[in-house]
Amino acid sequence: MILEQITDQLTETLTSRVLALFGHAVDRVILQTPPKLAMGDLATPLCLELAKALKRKPREIAEIVTKDIHLPMFVQSVAVEGAGYLNFRFDRGAFTAAHIKTVMTASATDGERVIVEHTNINPNKAAHIGHIRNAVLGDTYVRLMRWLGYRVETQNYIDDTGVQVADVVVGFEHLQKEGIAEVQKRIDDPAVPFDYFCWDLYSRMTAFYQESEEAKQWRRDTLHRIEHQEGETAELAALIARAIVRRHIATMLRLGITYDLLPKESDIIQLHFWNRAFELLKKSGAIFFEEEGKHKGCWVMRLSETEQFEGMDEPDKILVRSNGTVTYTGKDIAYQLWKFGLLDRTFHFRKFLTYPDGHVLWESTHDDPTDPSAPRFGGAKRVVNVIDARQAYLQKVVKEGLRLLGHTKEADNSLHFSYEMVALTPSTAKALGMEISEEDAARAYIEMSGRKGLGVKADDLLDALEQKATDAVREGSKTEGVSDEEMRTLGRQVAIAALRYFMLKFGRNKVIAFDFSEALTFEGDSGPYLQYSTVRVENIFRKMSERGVDAKIDDRSLDALTLTEGLTDEMWELVRISAELPAAIRRAVDSLELSVVTHHLLELAQKFNSFYHKYPILNEKDEAERQRRAVCAEVFRRTMVGALELLGIPIPLRM
RNA sequence: GCGCCCAUAGCUCAGCUGGAUAGAGCGACAGCCUCCGGAGCUGUAGGUCGUAGGUUCGAAUCCUACUGGGCGCACCA
């Protein structure tokens, strides 16, 4: 907060000075942290940029700009250094005293309404680590957005009428020869998780279809019956989808990931969202009926004239098939219109479940009347869809659909939060018992495939992480007298940190080649490292109160701090990096690169651990020095407590 | 064929809208627990930033071409 004030004021001051002194209008002022602490706390290459326009030497400009400059509060000095950089140095004591009062305070939640759609796992099999990346990115993005003041609604779209569900239904009816009663028994059976059973069943379907023409027809019939809600098949599909969604919700809850609403595709169909969108699309001329050629009998969206789709062989997108059924993309356009409040109809809503913390998860429905206690859903100003990069084309089509309908603003506010897939290293795939061809073994990574049953299930990974973390806790030195139950809780907390951090630390455009040993690391650049640092600082303050050591953070100690100016470089860096976090969060959200935040926190934690070894607090006899150190530790503590909450990482009592 | 993405230390990755001597983790090597917890700390070694041009006072970053790898381009989602 305080750093943002300084940058704002410096930008203003420099802009107006350059205008007054040289009659030159600056369109932007870059203010950044210098590479070395000795170069100050904030720097700008402004005078280097101006050199050409003003036809003068950078240092000469710098001297003129800085002469008699009025510096903002907390900025102690400015110096011209290097090729002509302006380096600003802060009043460390005053800055620290001011900063500690506003560390990690969130913005008021009165920002614009945003819908974030994430997770969206087909309800036909267990979640795998690719889904975890999606959900962790989505959930963390939501937390950061809320902290920035946006009013965010989290939606997890359930495609309960697609072919993937149909495949599992065919599997139960024709391979397993099981109906509703038998399937219900499997759902209730605690020995084999239902989503695991379906994972295997689904992977058997490809071969089944290949060897039988009859089976292919069953698949078509099943899909038709599900879409039209016909008979026991539709009922079975609904039962399966619902049971698997519950499993997915439970898996994600292990990571602290929750949702506000589950919109279901079946309800989009039943409530005729598509019919309404279809009318709008036809009326606007965005789509037309193909009388001739390859797409004869289909309704298609003409994209060949759109700049984005130039050069494609087949840029036109079919929205309604020749048999009259709607494609996923068609339904997605209707759904996107609804999210913006552009359809003159909405879902009915009912409670799906209540989370342990009391938060209610709602689902869409079409038959029951809406629960009067339901909040207002939809009608957002901005829509963010967290979907992997392979679906970029589809996302573009949806966006273009809005534009063709004349909703230019909404098209611009439709954001595809794109990220690359999680693949497996050949060694991991082999460890899972997969048969790897020689060709595949030579690759850097192997793509997961739900259809082939090739992948690491989310719950399996979490189990392994929890086991390893619990063992690590047990081996720790500080666990005498800790119950087994408590150690498992600590293990779970460490596992969450390891996995969430692992999914965030890579840039979103990097393919993650998943490797067990790498994901199971609790050292270095990892979530547990952040936890460990936080546990340490919490321990200091706990011990201080236990031992009656005085290191209260009150106005007196803060005043003393401002007067003494005794902050060493190490102490000061702790404060400054903490103060830079809000800017890092802003940058992360604007660029959708959440790794910016994890990276910043790693740096902060590293500084703290150095500080920790160099500057003992409890045993420091000099009171002023002890309080100075305690203030820095407190800044770190508040920063990490707030930041880990934003990353969804719990803070263990001990590790 | 067209489009998107990736290429930086032995390995995995950072490097913010072009800015100061390219950083971190792991691995390797050498150290550090009578001292708030060693899941930690300190130090050493390790880089023609895929290649070749170009723009610029300044390029890992922007432009062009190329090389190698990945992913898309369904009446699937």
Side-chain angles (χ1 to χ4, degrees), chain A residues 28 30 32-36 39 43-45 48-49 51-52 57-58 81-85 87 120 122 159 162-164 294-298 300 308-315 317-323 325 327-329 331-332 388-394 418 420-421 423 443-445 447 469 472-473 475-478 494 505-507 509-513 515 517-518 521-526 528-529 531-533 535-537 539-544 547 549 583-584 587-588 590-591 593 595-596 598-599 602-603 606 609-610 612-620 633 654-655:
Chain A
R28 53 160 195 176
I30 292 171
Q32 52 196 187
T33 311
K36 293 273 186 263
M39 299 170 180
T44 178
L48 280 72
E49 292 173 41
K52 195 175 187 187
K57 288 178 176 147
E81 288 165 15
Y85 290 90
N87 288 345
N120 300 10
N122 275 311
D159 182 7
V163 276
Q164 306 217 33
K294 195 161 126 186
H295 295 158
K296 188 178 175 190
C298 299
V300 304
Q308 296 232 25
F309 298 88
E310 260 179 347
M312 285 182 58
D313 285 350
E314 287 289 336
K317 180 67 198 170
I318 291 165
L319 297 188
V320 181
R321 303 181 186 102
S322 55
N323 67 3
T325 55
T327 61
Y328 176 83
T329 312
K331 285 176 274 196
D332 216 20
D388 81 81
R390 285 170 293 190
Q391 298 197 44
Y393 167 68
L394 273 303
S418 168
E420 272 294 348
M421 63 176 167
R443 288 163 171 259
Y445 51 83
E447 192 173 349
V473 169
E475 283 162 23
S477 54
K478 292 283 169 176
V494 172
K505 73 188 238 185
F506 303 98
N509 287 326
K510 282 273 202 263
V511 174
I512 298 180
D515 183 77
S517 55
E518 208 184 312
T521 305
F522 300 156
E523 287 159 15
D525 185 11
S526 73
Y529 179 83
Q531 284 181 315
Y532 186 71
S533 318
V535 169
R536 276 185 150 175
V537 75
N539 276 346
I540 293 172
F541 288 100
R542 189 170 46 76
K543 289 235 162 107
M544 274 197 290
R547 295 190 195 175
V549 178
R587 216 182 323 131
D590 289 347
S591 63
E593 283 295 0
S595 57
V596 169
T598 50
H599 191 256
L602 174 69
E603 203 182 319
Q606 283 171 332
N609 277 318
S610 301
Y612 178 89
H613 281 270
K614 198 164 175 183
Y615 300 102
I617 296 172
L618 282 178
N619 300 316
E620 175 56 43
R654 54 170 68 81
M655 285 175 78

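To find a chain, count down the sequence lines: A is the first, B the second, and so on, and within it residues start at 1.
- In this structure, A:Val596 reaches neither bases nor backbone, as no heavy-atom distance under 4.0 Å exists between it and the strands shown.
- Put simply, the side chain of A:Ser322 and the base of B:C75 share a donor and an acceptor less than 3.5 Å apart.
- Of the candidates B:G38, B:C16, B:C35, B:C35 carries the atom nearest the A:Asn619 side chain, counting heavy atoms from C-beta on.
- Within the 4.0 Å cut-off from OP1 or OP2 of B:U12, not a single side-chain nitrogen or oxygen of A:Lys510 is found.
- In textbook terms, a nucleotide whose glycosidic angle is within 90° of 0 is syn, while B:C5, being further out, is anti.
- A:Ala43 comes within 4.0 angstrom of a base, heavy atoms only.
- Nucleotides B:U64 and B:C5 are separated by 12 Å at their P atoms, to the nearest Å.
- Taking CG of A:Leu618 as the start and CD1 of A:Ile540 as the end, the distance is 7.0 Å to the nearest 0.5 Å.
- One finds no side-chain N or O of A:Lys317 lying less than 4.0 angstrom from the OP1 or OP2 phosphate oxygen of B:C75.
- With hydrogens and angles disregarded, a donor-acceptor distance shorter than 3.5 Å links the side chain of A:Thr327 to the backbone of A:Ile318.
- Here the nucleotide nearest the side chain of A:Pro35, chosen from B:A20, B:C6, B:C16, is B:A20.
- Across all strands, A:Lys296 comes closer than 4.0 Å to base atoms (heavy-atom distances).
- A sub-4.0 Å separation between OP1 or OP2 of B:G70 and a side-chain N or O of A:Arg443 is present.
- Between the OG1 atom of A:Thr598 and the CZ atom of A:Phe506 there is a distance of 10.0 Å, given to the nearest 0.5 Å.
- Side-chain proximity of A:Tyr393 to B:C36, B:G38, B:G72: nearest is B:G72.
- Residue contacts shown for A:Arg536 are limited to sugar-phosphate atoms, with no base heavy atom under 4.0 Å away.
- Side-chain N or O atoms of A:Asp388 include none that pairs as donor or acceptor with a backbone N or O of A:Met421 at under 3.5 Å.
- Comparing the P positions of B:U48 and B:G10 gives a spacing of 8 Å, expressed to the nearest Å.
- For A:Gln391 and B:C4, the shortest distance from a side-chain N or O to OP1 or OP2 is not below 4.0 Å.
- Between A:Ser610 and B:U42 there is a side-chain polar atom (N or O) within less than 4.0 angstrom of OP1 or OP2.
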- Message: Determine whether A:Phe522 and A:Gln531 satisfy the following criterion, side chain to side chain contact (heavy atoms under 4.5 Å, CB included), listing intermediate values before the conclusion.
- Response: CA-CA 10 Å; A:Phe522 300 156; A:Gln531 284 181 315; over 6 Å; no
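- Of the candidate nucleotides B:A77, B:A20, B:U12, B:A77 has the atom lying nearest to any side-chain atom of A:Thr327.
- Comparing A:Pro34 and A:Lys614 against RNA chain B, the residue whose closest nucleotide sits nearer the 5' end is A:Pro34.
- In this structure, a donor-acceptor pair under 3.5 Å is present between the side chains of A:Asn539 and A:Arg542.
- Separation of atoms OG1 (A:Thr329) and CD (A:Gln391) is listed at 9.0 Å; rounding is to 0.5 Å.
- As rounded to whole Å, 14 Å separates atom P of B:C41 from atom CD of A:Glu603.
- A:His613 comes within 4.0 angstrom of a base, heavy atoms only.
- For B:C73, neither phosphate oxygen OP1 nor OP2 lies less than 4.0 angstrom from any side-chain nitrogen or oxygen of A:Arg390.
- We find that CD of A:Glu475 is positioned 11 Å from C1' of B:A39, with the value rounded to whole Å.
- OP1 or OP2 of B:C75 sits under 4.0 Å from a side-chain N or O of A:His295.
- Across the protein-nucleic acid pair, A:Tyr615 atom OH and B:U42 atom P stand 12 Å apart, rounded to whole Å.
- Nucleotide B:G43 has B:C29 as its partner under the Watson-Crick or G-U criteria, with both atom distances under 3.5 Å.
- Both distances falling under 3.5 Å, in either a Watson-Crick or a G-U wobble arrangement, place B:U64 opposite B:A52.
- When each of A:Gln606 and A:Glu593 is assigned the nucleotide of RNA chain B bearing its nearest heavy atom, the one mapping closer to the 5' terminus is A:Glu593.
- Taking atom CG on A:Asp388 and atom C1' on B:G70, their separation rounds to 13 Å, with Å as the unit.
- Pairing partner, B:U21: none, since no Watson-Crick or wobble contact has both distances short of 3.5 Å.
- For A:Ile540 and B:C36, the CD1 to C1' distance is 5 Å, given to the nearest whole Å.
- Side-chain N or O atoms of A:Ser322 include none that pairs as donor or acceptor with a backbone N or O of A:Cys298 at under 3.5 Å.
- For B:A77, the OP1/OP2 oxygens have no side-chain nitrogen or oxygen of A:Tyr328 closer than 4.0 Å.
- A:Leu394 comes within 4.0 angstrom of a base, heavy atoms only.
- The residue A:Glu49 sits close to a base: some heavy atom pair falls under 4.0 Å.
- The separation between A:Gln32 atom CD and B:G15 atom C1' is 12 Å, rounded to whole Å.
- B:C71 is paired with B:G3 under the criterion used here, namely a Watson-Crick or G-U wobble arrangement in which both key atom distances are under 3.5 Å.
- Between the side chains of A:Tyr532 and A:Asn609, no donor-acceptor pair of N or O atoms lies under 3.5 Å.
- Across all strands, A:Asp590 comes closer than 4.0 Å to no nucleic acid atom at all (heavy-atom distances).
- For A:Tyr529, no side-chain nitrogen or oxygen approaches OP1 or OP2 of B:G38 to under 4.0 Å.
- Looking at heavy-atom distances under 4.0 Å, A:Gly507 makes contact with sugar-phosphate atoms alone, never a base.
- In the set B:A39, B:C36, B:A77, the nucleotide with an atom closest to the side chain of A:Ala472 is B:A39.
- Regarding A:Arg547, its CZ atom lies at a distance of 6 Å from the C1' atom of B:C36, rounded to whole Å.
- Regarding A:Asn509, its CG atom lies at a distance of 14 Å from the C1' atom of B:G72, rounded to whole Å.
- A:Tyr612 comes within contact range of at least one nucleobase, with a heavy-atom separation under 4.0 Å.
- B:G50 and B:A59 have their P atoms separated by 15 Å, with the value rounded to a whole Å.
- For A:Met421, the side-chain atoms get nearest to B:G70 when compared with the rest of B:A77, B:G70, B:G40.
- With centroids closer than 5.5 Å and planes inclined by less than 30 degrees as the test, A:Tyr85 and the base of B:A20 pass as a stacked pair.
- For A:Glu420, the listed nucleotide lying nearest its side chain is B:G70; candidates were B:A77, B:C75, B:G70.
- Between the side chain of A:Asn609 and the base of B:A39, no donor-acceptor pair of N or O atoms lies under 3.5 Å.
- Closest to the A:Glu447 side chain, of the nucleotides B:G72, B:A39, B:A24, is B:G72.
- Searching all strands for a Watson-Crick or G-U wobble partner of B:U34 with both distances below 3.5 Å returns nothing.
- Among the atoms of the strands shown, base atoms are found under 4.0 Å from some heavy atom of A:Asn539.
- Between A:Leu602 and A:Lys505, every side-chain heavy-atom pair lies at or beyond the 4.5 Å cut-off.
- The side chain of A:Asn122 lies closest to B:A77 when the candidates are B:A39, B:A74, B:A77.
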